[in-house]
Amino acid sequence: MQYGPAVRRRKLGAELRALRTTAALTSGEAARLVGWHQSKVSRIETGASGVKPADVRLLLDAYGVLDKDLRELLLVLAGSDEGGGRHHWWHAYRGVLPPTYRDFISLESQASAMRTLETSVVPGLLQTPEYARAVTWASVGGLDDERLDTLVEVRLARQDVLRGEPPLELSAVLDEAVLRREVGGPEVMARQLKRLVEAAQLPQVRLQVLPFTAGAHVGITGPFVIFSFSRTSDLDVVVLDHLTSSLYLERKEDLQAYTEAFNTLQSHALSPEDSLDHIAGIGDGV
């Protein structure tokens, strides 16, 4: 269980250490080849410090790594836009966004798929501007109008991942409470439900409703997100959000447990087609 980007740093370090070993180099020899101190190589390999994409290229060249896909994967781990990573647009908001939120956006922008259980609010990627504003105002107290506008702007900008090439594949299970909770008032909620119906018809979005009639379920303890990456399942990570921080779970046991939980939730939820009708019915006051 990790906080922040430590998951990716450690995975990157482990891969670089394995490549150095394959190249039959000691950490000291590798450091001399790239003009560094040996301690820098050690810190990178243990995940104790971050590493720039340019430094990863130096190491990969020193280790004779020519595999294009492997190089791109490791550069993405280091934060590069190469190989399908989306532009790091959120850097412009570094002074506004807390580190845990930036880390979440980074994972979201580089992932190929996202599975999420939501028990309280509509997923950020599917929120309307008015709904996003109401949720942000309620969850982050004491905001002035300028900061509130900026946070809403960020939330809406995140939605570009659903329109990318390729788009993020989103699978969401929504507890019925999400649809019944009147966030922002009746008019705001009506527009939000309409937005969900529209989003549910996109090929990259799979939306399912877990109705109240399903009773107690495995996700009743709280929401979670599972990020998956196209090049290797070793990068998959579970994110649990709390009021002041986020937890990142990467152990295979944790990933398996949450994957099984999500599959169970999907099996107990309404089908995507019935979910769409259910959302539309709530919107119509049925």
Side-chain angles (χ1 to χ4, degrees), residues 97 101 104-105 108 114-163 167-217 219-225 239-243 262 265-266 268-286:
L97 305 179
Y101 193 17
F104 184 89
I105 295 173
E108 186 178 72
M114 173 180 174
R115 288 164 285 176
T116 180
L117 165 70
E118 290 291 350
T119 58
S120 299
V121 298
V122 170
L125 296 183
L126 302 178
Q127 293 177 5
T128 64
E130 300 92 344
Y131 187 99
R133 188 177 185 84
V135 167
T136 304
W137 173 259
S139 59
V140 186
L143 291 176
D144 57 41
D145 287 344
E146 183 178 357
R147 184 175 173 85
L148 177 60
D149 289 343
T150 300
L151 291 176
V152 172
E153 182 180 314
V154 168
R155 183 158 299 200
L156 298 179
R158 285 172 46 200
Q159 299 177 4
D160 284 345
V161 296
L162 294 176
R163 298 183 286 270
L168 176 76
E169 295 181 6
L170 174 64
S171 296
V173 174
L174 308 184
D175 191 283
E176 186 169 349
V178 172
L179 310 176
R180 300 287 184 180
R181 179 170 288 105
E182 213 170 75
V183 174
E187 293 183 2
V188 170
M189 200 62 204
R191 286 192 290 272
Q192 179 60 73
L193 292 175
K194 182 179 179 181
R195 164 68 176 137
L196 287 177
V197 171
E198 294 169 352
Q201 300 177 67
L202 296 173
Q204 66 270 35
V205 176
R206 179 184 176 90
L207 198 60
Q208 292 180 258
V209 174
L210 195 63
F212 287 145
T213 53
H217 53 77
I220 206 165
T221 56
F224 60 85
V225 173
V239 184
L240 306 179
D241 257 343
H242 297 279
L243 183 61
F262 190 80
L265 289 166
Q266 284 188 311
H268 285 88
L270 301 176
S271 69
E273 296 76 19
D274 289 342
S275 294
L276 193 153
D277 291 340
H278 193 71
I279 295 169
I282 294 175
D284 294 336
V286 177

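Computed from heavy atoms alone, side chains included, the values below leave out hydrogens, waters and symmetry copies.
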Leu168 backbone acceptor or donor facing Gln204 side chain under 3.5 Å: no

Candidate pair Leu148 and Thr136, rule side-chain contact (heavy atoms from CB on, under 4.5 Å), full reasoning: CA-CA 7 Å; Leu148 177 60; Thr136 304; 3.6 Å; yes

pair Arg155-Leu125: side-chain heavy atoms closer than 4.5 Å: no

Pairwise side-chain contact, Ile105 with Leu97, heavy-atom cut-off 4.5 Å (strictly under): yes

Those residues that, when tested against Phe224, pass ring pair (Phe, Tyr, Trp, His ring centres under 6.0 Å) (two or more places apart): Tyr258

Gln159 side chain vs Gln127 backbone, donor-acceptor pair below 3.5 Å: yes

With sequence neighbours excluded, residues passing side-chain contact (heavy atoms from CB on, under 4.5 Å) with Glu153: Tyr93

Side chain to side chain, Met114 and Glu169, heavy atoms closer than 4.5 Å: no

Heavy-atom side-chain contact between Leu196 and Leu174 under 4.5 Å: yes

Sidechain-backbone polar pair: Tyr131 side chain, Val122 backbone, donor-acceptor under 3.5 Å: yes

For the student: nearest non-hydrogen atoms of Pro211 and Val209, plus distance: CD-O, 3.2 Å

Nearest atoms (heavy-atom pairs only) where Pro123 meets Ala172: CG-CB, 4.4 Å

Side-chain heavy-atom pair Asp175, Glu118 within 4.5 angstrom cut-off: no

Polar side-chain atom of Gln208 near backbone of Pro272 as donor-acceptor pair, under 3.5 Å: no

Test item: Thr116 side-chain N/O and Val225 main-chain N/O as donor-acceptor pair under 3.5 Å: no

Side-chain heavy-atom pair Thr213, Glu176 within 4.5 angstrom cut-off: no

Leu270 vs Leu210 side-chain heavy atoms within contact, under 4.5 Å: no

His217, NE2: over 12 other non-hydrogen atoms inside 6.0 angstrom: yes

Thr119 versus Gly219, closest heavy-atom pair with distance: CG2-O, 3.9 Å

Stepwise side-chain contact (heavy atoms from CB on, under 4.5 Å) check, Val183 with Val188: CA-CA 7 Å; Val183 174; Val188 170; 5.6 Å; no

Of all pairs that satisfy salt bridge (Lys or Arg N to Asp or Glu O under 4.0 Å), the ones with a partner from residues 127-147, not counting sequence neighbours: Glu130-Arg191, Arg133-Asp149

Contact check, side chains of Ser171 and Gln266, non-hydrogen atoms, under 4.5 Å: yes

